[in-house]
Amino acid sequence: MTITEQTASTFLVQRRQMRWMIGLIWHRRLHITLPAGGHQEPGETIAETAVREEARVRCRLLPLPLPTRFPHRTMAAPWWIAEVPAGPDNYTDALHVHRDHVFVAERDGDYSDDAESDVQWFDAEALADADDVSEDSRIQGVQILAILQRHAEQSND
């Protein structure tokens with residue numbers, strides 16, 4: 001039987017001078033740049049996990065952009081859910097699967113004093129060429145930036 005653990009990853013985003021940027025962190029144990037993320041703790045929702053993790057930046061989860069003029073209020077939900085093979089870690093000492101709920105969150109304030117990792121900001125071009133970024137994070141990040149940019153351009157029309 002495969003052990004499955006609930007995790008959340010959060011791609012931080014912000015707009016700088018009409019361009020969307022994505023924020024990733026250096027993961028000390030894995031030695032790679034990834035979105036902030038971690039395991040769901042008992043008693044918390046997966047959305048709470050998404051905003052609690054390593055970067056410790058105040059943020060608000062974004063719903064997936066809908067067509068312009070969509071008339072209803074939307075709720076933040078994962079943009080994707082992926083099953084990611086994982087090796088032994090601090091939670092499980094065997095091979096297992098992370099059911100990763102991938103969120104996008106807009107920076108909404110400063111960093112807290114207890115941040116475990118600094119956030120590195122990338123535009124789409126820098127992300128495409130960056131060293132030490134996990135390939136799945138690069139693929140998702142470039143797609144997220146394209147979606148946000150396209151949505152911003154449509155909203156300006």
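Computed from heavy atoms alone, side chains included, the values below leave out hydrogens, waters and symmetry copies. Nothing here was measured: the structure is a model prediction, and the numbers come from that model.
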Closest non-hydrogen atom pair, [X] against [Y]:
X	Y	answer
E44	T49	OE2-OG1, 2.7 Å
S134	L34	OG-CD2, 3.3 Å
G23	V119	CA-CG1, 3.5 Å
I25	A36	CD1-CA, 3.9 Å
D132	W26	CB-CZ3, 3.8 Å
R29	P88	NH1-O, 3.8 Å

Using 0.5 Å steps for rounding, measure from the [atom1] atom of [X] to the [atom2] atom of [Y].
X	Y	atom1	atom2	answer
R138	I22	CZ	CD1	12.0 Å
Q40	D100	CD	CG	11.5 Å
L24	S9	CG	OG	10.5 Å
S137	I32	OG	CD1	7.0 Å

With hydrophobic residues grouped by side-chain heavy-atom distances under 4.5 Å, do [X] and [Y] end up in a single group?
X	Y	answer
I3	L95	no
L64	W80	yes
F11	V133	yes
Y91	L30	no

Contact between [X] and [Y] at the side-chain level, heavy atoms closer than 4.5 Å - yes or no?
X	Y	value
W20	Q14	no
E41	R52	yes
T7	R99	no
P35	T10	no
F122	M21	no
W79	Q140	no

Positive for side chain to side chain contact (heavy atoms under 4.5 Å, CB included) with F103, one of L62, I46, L12, V51
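Among the candidates, only I46 passes.
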With under 30° as parallel and over 60° as perpendicular, where do the rings of H98 and H39 fit, or are they tilted in between?
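Answer is perpendicular, since the angle exceeds 60°.
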Show the atom names and distances, to 0.1 Å, of all donor-acceptor pairs under 3.5 Å that link a side chain in residues 142-150 to residues at least two apart or in another chain.
none

